[in-house]
Amino acid sequence: MSVSFAKNKLAFAALGFIAFVVVAIFVLWQESDTDELDDVDEVEIKDDVSGVHRRSAKVDSDANDGVIRGTVVDSLGQHVRGFVTLSFRLPPGGNSSVPLPETMEFPLGPQGGFESPALGYSLVHLSVTPDSGAILERHFLKLKGRDLNVGELVVESGGVLAGEIRDQDGVVISGALVTVGPRGRRLGRGGVGVFFVGLDEEASREGTTNQNGQFSVTGVRSGKVALIATAAGYRPFGMDGIVVANGATQTVDIEMTRSHSLTVQVADLATGDPIADAKISLSPIDYQAGDQILQAFNQTVSTTDDQGKLRFQQLSTRRFRLRADAEGYYFRSDIIVKKGDESAHVFLEKSGEVLGRVYDADTGKSLGNRVITTDYSSSRSRGKKFAILDAHSAAVHFNASEDIGLYGLVGGQHADVRLQIESPGYVSGRIEIEELASGERRRADIPMTREVRVSGKVLSHDYKPLANA
């Protein structure tokens with residue numbers, strides 16, 4: 001029995017030793033792999049490469065040597081004319097005292113070749129824009145002290161997107177600009193979703209409709225692309241999810257709608273005086289297919305002129321949501337602009353304001369070195385909250401004699417607000433400011449009570465002093 005137990009014990013010990021050796025070999029191999037980054041000539045990557053985070057910190061990237069070179073040909077093996085754009089950034093964890101250029105751009109040589117100036121360690125985004133053909137993009141890792149030869153890059157001849165553009169009455173539209181390419185930057189819209197706004201300018205191609213309303217855009221990169229068409233007097237048109245194959249022609253027919261203008265007039269509700277520098281935002285309510293790639297689809301913010309007017313152009317026959325904001329004024333609710341409306345009048349109410357002084361409740365002395373924050377605003381508050389002014393700003397705004405204890409609230413809308421006040425040596429306090437009427441200026445001074453300190457002795461039941469109580 002004891003012999004069997006001893007054998008098992010030896011077996012377990014042997015297995016443990018073997019496991020330890022395997023782990024040690026694996027760790028040493030990992031370290032060796034980490035330290036031999038100099039042996040890597042080039043690494044083609046996407047947004048990230050396993051190991052780049054881990055390795056980049058161990059590479060001396062201060063050496064500004066080594067070039068990037070290559071050759072560009074088309075799918076038939078012919079040399080390509082055009083230009084190359086290089087963008088640079090340090091890999092995650094990389095550290096270099098040699099500043100990297102943001103971008104470089106230079107033409108391809110007569111034989112389709114290119115060579116960059118000397119560069120250090122960086123992640124490289126390479127983009128080839130040929131005179132004819134589709135845009136080519138690649139990502140590389142450029143090491144210190146090494147040339148990076150990307151070899152022969154092949155650009156597609158690209159596909160063709162053709163079609164015809166007419167208006168809602170079937171009339172052909174000549175001179176319309178058609179832009180085709182991958183979708184552009186992402187933009188989030190609360191409650192609606194995430195959309196791609198516009199097109200990637202570097203990878204896009206353009207064409208113009210002829211007198212028959214026909215267009216043909218060549219050199220379009222294969223895959224899914226989007227289209228934006230613009231023409232004077234018409235609402236911008238967007239189409240997404242178009243599939244173009246390399247060397248093939250895809251056709252689409254487009255119907256554009258006539259646009260109209262909208263003039264917005266902003267005035268004071270009480271006096272009728274125009275309000276200059278009011279910010280007006282206009283966003284469509286009735287969404288249509290393709291809107292998510294149009295800049296015009298997203299909320300447009302503009303400012304009224306000295307007469308309180310603002311004119312929007314190239315609007316479609318849709319419903320729009322209009323909002324206004326002006327300093328010192330309060331906007332009650334959104335305005336819905338109906339389809340085809342040519343004008344809209346917006347009346348703003350003056351916002352309520354508060355001027356006050358923070359002072360010692362016993363001596364009446366004004367208190368500085370205090371902090372006032374909006375602690376609470378009722379659900380009746382709409383839009384932005386009150387802005388808190390310091391002593392100097394409050395004196396200027398309210399045309400009052402400057403007092404270090406002054407404070408002011410401006411930009412307030414019909415709401416209940418609670419202020420919390422903190423000042424060294426005083427008990428923190430709060431004050432309720434009830435709903436303000438339109439244009440009301442209210443005075444609200446805030447007394448502060450000093451903190452009270454209590455001293456004495458702590459005794460036991462037999463009147464002996466207690467330490468550390």
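By convention here, the first residue in the shown sequence is residue 1. Note: hydrogens, waters and symmetry copies are ignored here, and every other heavy atom, side chains too, is used. Computed from a predicted structure; not experimentally measured.
Side chain of T209 to backbone of G175: a donor-acceptor contact under 3.5 angstrom is found. No donor-acceptor pair closer than 3.5 Å links the side chain of E451 to the backbone N or O of S428. Side-chain N or O atoms of S259 include one that pairs as donor or acceptor with a backbone N or O of G233 at under 3.5 Å.
Salt-bridge formation is not detected for the pair R430/E432: no Lys NZ or Arg NE/NH1/NH2 atom is positioned less than 4.0 Å from an Asp or Glu carboxylate oxygen. Between D341 and K339 there is no salt bridge, since none of the side-chain N atoms of the basic residue sits less than 4.0 Å from a carboxylate O of the acidic one. Salt-bridge formation is not detected for the pair D360/K365: no Lys NZ or Arg NE/NH1/NH2 atom is positioned less than 4.0 Å from an Asp or Glu carboxylate oxygen.
Minimum heavy-atom separation, L419 to I433: CD1-CD1, 4.0 Å. Annotation for M104 and F88: closest pair CG-CE1, 4.0 Å, computed over non-hydrogen atoms. Across all their heavy atoms, L406 and S401 have their closest contact at CD1-O, 3.6 Å. Here the closest non-hydrogen pair linking F114 and L126 is CZ-CD1, 3.8 Å. A pairwise comparison of heavy atoms in T179 and S204 identifies CG2-CB, 3.9 Å as the closest pair. Here the closest heavy-atom approach between residue V264 and residue F312 is recorded as CG2-CE1, 3.9 Å.
At least one side-chain heavy atom of K142 sits under 4.5 Å from a side-chain heavy atom of I68. Contact check for V358 versus Y407: side-chain heavy atoms found under the 4.5 Å cut-off. Considering only heavy atoms from C-beta on, I173 stays 4.5 Å or farther from F215 through its side chain. Side chains of L227 and F237 form a contact here, defined as non-hydrogen atoms less than 4.5 Å apart. When side chains are defined from C-beta on, V427 does not count as touching M448, because their heavy atoms never get closer than 4.5 Å. A 4.5 Å side-chain heavy-atom check between V178 and I165 finds at least one atom pair inside the cut-off. The side-chain heavy atoms of F140 and R138, taken from C-beta on, include a pair separated by under 4.5 Å. At a threshold of 4.5 Å between non-hydrogen side-chain atoms, the residues L315 and V337 do not count as touching.
Remark: V67 engages R69, E115, S116, D147 in a side-chain contact (heavy atoms from CB on, under 4.5 Å) (not counting sequence neighbours). In this view, E440 and R442 satisfy the salt bridge (Lys or Arg N to Asp or Glu O under 4.0 Å) rule, not counting sequence neighbours. Not counting sequence neighbours, the partners of H397 by the side-chain contact (heavy atoms from CB on, under 4.5 Å) test are E353, L389, V410, R441. In this structure, the salt bridge (Lys or Arg N to Asp or Glu O under 4.0 Å) partners of D169, at least two apart in sequence or on a different chain, are R258. For E402, the side-chain contact (heavy atoms from CB on, under 4.5 Å) partners are H392, A395, not counting sequence neighbours.
One distance of note links CZ of F331 with OG of S351; it measures 14.5 Å at 0.5 Å rounding. Going from atom CD of E164 over to atom CD1 of I254 covers 10.0 Å, rounded to the nearest 0.5 Å. Annotation: the span from I228 atom CD1 to I293 atom CD1 amounts to 4.5 Å, rounded to 0.5 Å. Distance OG1/T449 to CG/D362: 7.0 Å, rounded to 0.5 Å. Separating the CD1 atom in I446 from the CG atom in L367 is a distance of 10.5 Å, to the nearest 0.5 Å. Annotation: the span from T208 atom OG1 to L177 atom CG amounts to 5.5 Å, rounded to 0.5 Å.
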Side-chain donor/acceptor pairs under 3.5 Å, residues 272-280, sequence neighbours excluded:
from	atom 1	to	atom 2	distance (Å)
D273	OD2	T271	OG1	3.1

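No more than 12 heavy atoms of other residues, nucleotides or ligands shown are found within 6.0 angstrom of CD1 on I404. More than 12 heavy atoms of other residues, nucleotides or ligands sit less than 6.0 Å from atom CD of Q313. Around atom CD of E422, more than 12 heavy atoms belonging to other residues, nucleotides or ligands sit under 6.0 Å away.
A donor-acceptor contact closer than 3.5 angstrom links the side chains of T263 and R311. Using a 3.5 Å distance cut-off with no hydrogens or angles, the side chains of T218 and R205 do not pair a donor with an acceptor.
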Could you check D325 against R323 for salt bridge (charged side-chain N to carboxylate O under 4.0 Å, His left out), going step by step and ending with a plain yes or no? CA-CA 7 Å; D325 181 32; R323 295 175 180 173; over 6 Å; no
So I388 and L409, side chain to side chain contact (heavy atoms under 4.5 Å, CB included) or not? Walk me through it. CA-CA 5 Å; I388 304 175; L409 292 180; 3.6 Å; yes
Between Y234 and D167, is a side chain to side chain contact (heavy atoms under 4.5 Å, CB included) present by the stated rule, with each step listed? CA-CA 8 Å; Y234 292 88; D167 66 14; 3.4 Å; yes
Between R89 and S87, does a side chain to side chain contact (heavy atoms under 4.5 Å, CB included) hold up when you go through it step by step? CA-CA 7 Å; R89 64 184 176 89; S87 301; over 6 Å; no
Would D334 and L322 count as a side chain to side chain contact (heavy atoms under 4.5 Å, CB included) here? Give the steps. CA-CA 6 Å; D334 295 346; L322 186 153; over 6 Å; no
